[in-house]
Structure formats: C-alpha cells, structure tokens
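Take a look at the structure set out below.
The structure displayed is predicted, hence computed values, not measured ones. Just so you know, these numbers use all the heavy atoms, side chains as well, and skip hydrogens, waters and symmetry mates. Throughout, a chain's letter reflects where its sequence line sits, starting with A, and its residues are numbered from 1.
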Amino acid sequence: MGNSVRVRIAPSPTGSLHVGNARTALYNYLFARQTGGVFILRIDDTDAKRSSDADIEGVLYSFRWMGLDWDEGYGAGGACGPYRQSERLGLYQAHAEKLLADGHAYRCWCTPAELDALRKEAQRQRRAFRYPQTCLGLTAAERAARERSGAPYVLRFRSPREGSVDFSDLVRGDLSVDATELDDLVIVRAGGMPTYNFASVIDDSHMAITHVIRGADHLYNTHRQIPIAQALGFDLPAYAHLPLLTNPDRSKLGKRSGAVFVGDYAAQGYLPEAVVNFLALLGWNPGDTQEVFSLDELVSAFSLERVNKANAVFDLQKLAWLNGVYIRGVTVEDLAARCVPFLTDGGFVAPDDVDRTYLRDAVALEQERLKTLAEAPEALDFFFAAEVTPAPKLLIAKKQSPAGSLGALRQARERLAQLAAWEHETIEACLRGLASDLGWKAGQLFMPLRVAITGKTATPPLFETMVVLGRARTLTRLEAAAAALAASIE
RNA sequence: GCCCCCAUCGUCUAGUGGCCCAGGACGCAGGCCUUUCAAGCCUGUAACGCGGGUUCGAUUCCCGCUGGGGGCGCCA
C-alpha cells in the first residue's frame, strides 16, 4: 500500500465551517474511503489574526456532525505532524532559506502602501497588476543598505518568466496559464509567517498528499503553486478542482444569501444525513436516478470522474425535501431524541424532565409532517401547552349555527367522557355516531373538535391526537372550548 | 481592465453523433386518497444561449459571439 491515496482537508480556523468547504471535505472523505486511502485534517492557520483553539473546535464540530471522521491530522495524530501550520514554522523557514539561497526567492522591502499605489496605477491604466520586481533589481549596495537598516521585508518567489504552467485537472482536463501572467508572489510575510500558497505546497508534499481536491476558486493558486513545488524539487500531486457552490444569483456562495455555515443548518433543524446527501449531489451525480444516499452509499457510488464542471446553485427547496425524507426515515425514538434540543429551547419540555413515552407518541404523529426539527416546537405545541386557546370562530362547524356547534361540542364531551376504553376505534365510533345522530357530515363535526383540542386547523388525525393527548386533557379542552364559544355567542 | 474557467427545464442533473419532437429529481399546477394538514400515488408544466462550420445527421465535435463565474492580497 505504499502508493495509497492520501487526501486532506485544510480548513482555516474561522469558527464556522462554510458549506462550500464542507462539500470539499465530503468529496475528499468519499474519495479516501472509497479508495481505501487516508483522510487527513490539517489546520491552515498561518493567518495569526484569526486563530484560536475555540475557532478550531467550532470547525471540527461541524465535520463530526456530518460524520466525516479523519484518520490522521489535528486531534488524530499521525507521522507527519504537527498538523497545525502555526506549529510547523521551522519547516517553512528552512524551505524559504533554501529558495533564497538558490535564487528562487528574493527579499522585498516594498511597503504595503507602495504596492497599493502601484496597484491603483495599474488599474488606472487598465492593465493587470504584476509586481515590477523592484527589489529583485536592487544593486548589491542597495540591498546591503536595506538589510542593514533592519526594515521589514517579505520573501517573494521568483516566478518563471517564460513558457507556461500546465497541468491536467482530474475534473477539468488540461489547463494552462502563460508564465507572463504569473506574479512574484509573497511566500513569507514580514514577521516570518508563510503565506497560504507556500505553506500549502510544503505540507502537501511533506504529508505525501496524492490528490489535492479543492474548490475551483483555487484554480489559479494551483498554477502559482506548481512552480514553487518544482523549485523545491517536489513531486506534484494530482489535482481535482470542484465546481463552486453559488447563491441563487450565481455568485459564489457567501454571506449575501443567509445561511452559509454548516452550523446554521444544524440550528435550523436539518439532519446531518440530509445535509451530507444534498451536498454530495451538488456537483456530482451517480449516473443513475438514485437521489437518496447514506454516507456509506455515497462512499461506494462516488467517483471523481462524475464530478461536474459547472457551478451549482445551493437550492434550499431540494434540501428541505431531502430533510423531510430523512425525518420520515429515522425511527420515532431517534426523531424524538433529535427534537428534544429544539423543544427545550422552545421551553416546551424541561431537558431533564422529558416524558419519553409521551414525547415519542406525540412526535410519531408529526413525523411525516415535519420538514425540519426546528418546526417541532410549533408543530407539537398543543401536546405540551397547559391549555390551548382556539378562536371561537373556528369552533363553529361548517354550515352550522353557533348554537348548534356549541351543542355538538358539549355532546362530544359527554359521550367521550363515558367511553369505556380510550382507544382510536372507540373514539372514532363514538364521534362518527355523534355526527350521524346530528345529521352532520363527519368533517363538519371533526374540524371544530380538532380546533378545540389543538387550537389549530392543521393537525395530525383527530382520533390519534386524542389518544395521545389522553382523555383528561381532551375533555378539559372540549369543555374550555365550549365555554369560549358560549361566551362569544352572548 | 487583464487572465483562466463554465454554459441542457426556475433549481440539481442524465445525455457523450442517430435510441432525444431530450430522461430523472426538487419546485409549481391539477387529480386521486382523505376528518384538516401532511405523506403517498397519478397527470401535467418547463430546457439543449446565439451564429457559423464539420457531418447524411448535431444537445453531443470545431470556431466565434453572448452570458455567467472565479482569480488578479504580507486571506485562505
């Protein structure tokens, strides 16, 4: 297994996992699992401005939530550690010195302000900005003077000036960029921190990454990284650039469209299974008509060859549908357990005082109605509320008078109170009998009763609801509803 | 502005020269079922961006255009 697949996901610790990065992680995971390879997690935290342990945990939490476990890397150990770039500075420094010594890199003293002015000028002249290699052209004396001055400097990579940088992408085919388009990019910042493109190349090589699978927004970075890797004498990994996820307006998925973090979807009551399934289908398809996949099924069905090139709009409606599919697919016990956090947040049940049986029976009635877990509090409110307050108007049966409706409510209460057994069949027989005695259609009677015991017009089936609610609650609510209707008639 | 990439129903997509007057899914509309709402089932709606080629024949190949996207940081 010396040449087995090794892939990595390298998030920067921003506290939240962007769904685009989640999709990239998923594809890396699927590819690794399918090939029997190794899935590695590296923390790319070379931007010291934003990097705390808490931020890392936030990102890792989302990976775990999706079920993407990594074999090697941050928190899992491995032979290529440490897996946090801020702890690998010595390695980058050694490579920087090597490039400096062999002329592939040079010091640059240009200040951010100077560069900014240059960029603006280039823009004014309507041409692409490229670092003019000012500091490369310094005379030995000038260079010595700057070095003596102790002024801060960065290290720039000396990009090739001729030819082109070519590679064959696993999803997009042959790609080429003319060397004249390449800039002398900064590889080490003032202060010694490496930049993304530099640290990434070194780590991918040192961690023996065989396939770099990342978003298409990195396409140009690949053209910039290849010369660096070559200058360092590294073997190149294979590359696969994934189509971008976009907003409905086709722009790169970002803040402007609301929820973009995995955590947002968890909070909105989406199941990880649905999110994973949905993300997998954005940019990839199995070649047949299957749409619902477990993570394991994805592992065997996935293939880089079937990844698309065109960007994909992140379509909430399809996610919602898939979420419903999964909600209906899990066991009632499982669903009830998943609803608990939302119910406790809504104040409907106390975390440590949940009547599991009652909760399970109530959830069972809403299972095929819920689109998200977050809907549970509102959907189940009447099961947990001390009382419901139906609008008197809704207690009046269709095509019947207020007085007649009041009578029906009272009779229903009386008859139900006398039932020997509180079961679906007995309740149904009782109420259908009442409707028939009244000369009403069943629906005419059932709707007011539904409103009386739940407070709303859209609910699970009436008899099941009464069974779960129990006789006591049902009778109390019928009584209260009758009183409310009576009051409104006067 | 410059460079690169992409282009099938509103959306996710199948399609690799004839099987396609383009298939599936979500959505939407209608129907069935039915005590409401759902779920389920059925039916319908809707697309190959445009113009040139190549070919007996183009959604499929080539070129151009148009449109869209990404990149152009001492962010990743």
Inset, instruction - With heavy atoms under 4.0 Å as the rule, sort A:L445 into base, sugar-phosphate or nothing. - result: nothing
Inset, instruction - Give one of base, sugar-phosphate or nothing for A:H223, where a contact means two heavy atoms less than 4.0 Å apart. - result: nothing
Inset, instruction - Could you check whether A:R126 gets within reach of a base, just the sugar-phosphate, or nothing at all, counting any heavy atom under 4.0 Å? - result: sugar-phosphate
Inset, instruction - Can you tell me, in whole Å, how much space there is between the P of B:U35 and that of B:A46? - result: 35 Å
Inset, instruction - Name the nucleic acid region contacted by A:F463, choosing base, sugar-phosphate or nothing; use a 4.0 angstrom heavy-atom cut-off, strictly under. - result: base
Inset, instruction - Classify the nucleic acid contact of A:P152 as base, sugar-phosphate or nothing, counting any heavy atom under 4.0 Å across all strands shown. - result: nothing
Legend entry - Pairing nucleotide - B:A22, Watson-Crick or G-U, each distance under 3.5 Å: none
Inset, instruction - Answer yes or no on whether A:R156 is positioned over the face of A:Y131, meaning its NZ or CZ is under 6.0 Å from the six-membered ring centre and within 45° of the axis. - result: yes
Legend entry - Pairing of A:D184 and A:R130 as salt bridge, 4.0 angstrom limit: no
Legend entry - Within residues 171-205 of chain A or reaching into it, pairs that qualify as ring-ring contact (aromatic ring centres under 6.0 Å, His included) - sequence neighbours excluded: A:Y196-A:H218
Legend entry - A:D334/A:R360 ion pair, N-O < 4.0 Å: no
Inset, instruction - Report the nucleotide, chosen from B:A14, B:G70, B:C26, that has the shortest atom-to-atom distance to any side-chain atom of A:L244. - result: B:G70
Legend entry - Nucleotide of B:G27, B:C74, B:A14 approaching A:V186 most closely (side-chain heavy atoms): B:C74
Inset, instruction - Name the residue closer to the 5' end of RNA chain B, choosing between A:Y153 and A:N308 according to the nucleotide with the nearest heavy atom. - result: A:N308
Inset, instruction - For A:S176, report the nucleic acid contact type (base, sugar-phosphate, nothing); a contact means any heavy atom under 4.0 Å. - result: sugar-phosphate
Inset, instruction - Send over the distance from A:L17 CG to B:A76 P, rounded to a whole Å. - result: 18 Å
Inset, instruction - Please determine, for B:A76, whether a Watson-Crick or G-U wobble partner exists with both distances under 3.5 Å, and give it or none. - result: none
Inset, instruction - Look through every strand shown and name the nucleotide pairing with B:U54 as Watson-Crick or G-U wobble, where both distances are under 3.5 Å. - result: none
Legend entry - Residue pairs passing the ring-ring contact (aromatic ring centres under 6.0 Å, His included) test where at least one lies in residues 300-325 of chain A, sequence neighbours excluded: A:Y27-A:F302, A:Y265-A:F314, A:F278-A:F314, A:W284-A:F302
Inset, instruction - Mind checking A:G215 for me? I need base, sugar-phosphate or nothing, with any heavy atom below 4.0 Å counting as a touch. - result: nothing
Inset, instruction - With a 3.5 angstrom cut-off on both distances, give the Watson-Crick or G-U wobble partner of B:A7, or none if there isn't one. - result: B:U66
Legend entry - Pairing nucleotide - B:A39, Watson-Crick or G-U, each distance under 3.5 Å: none
Inset, instruction - Name the nucleic acid region contacted by A:Q123, choosing base, sugar-phosphate or nothing; use a 4.0 angstrom heavy-atom cut-off, strictly under. - result: nothing
Inset, instruction - Kindly say if A:R224 contacts the phosphate of B:G73, meaning a side-chain N or O under 4.0 Å from OP1 or OP2. - result: no
Inset, instruction - Please work out if A:R130 contacts a base, only the sugar-phosphate, or nothing of the nucleic acid, heavy-atom cut-off 4.0 Å. - result: nothing
Inset, instruction - Report yes if the distance between the aromatic ring centroids of A:F39 and A:W70 is under 6.0 Å, otherwise no. - result: no
Inset, instruction - Remember a base hit wins even if backbone is also touched, and classify A:Y220 as base, sugar-phosphate or nothing at under 4.0 Å, heavy atoms. - result: sugar-phosphate
Legend entry - Closest-nucleotide ordering on RNA chain B, the 5'-leading residue of A:V154 and A:R432: A:R432
Inset, instruction - Go through B:C3, B:G27, B:C6 for me and flag the one nearest to the A:R172 side chain. - result: B:C6
Inset, instruction - Report yes if a side-chain nitrogen or oxygen of A:R250 is closer than 4.0 Å to either non-bridging phosphate oxygen (OP1 or OP2) of B:C6; otherwise report no. - result: no
Legend entry - side-chain N/O A:R127 vs B:C3 OP1/OP2, d < 4.0 Å: no
Inset, instruction - Under 4.0 Å between any heavy atoms, over every strand shown, what does A:L462 touch: base, sugar-phosphate, or nothing? Just pick one. - result: base
Inset, instruction - Look at all strands and tell whether A:R306 reaches a base, only sugar-phosphate, or nothing, counting heavy atoms closer than 4.0 Å. - result: sugar-phosphate
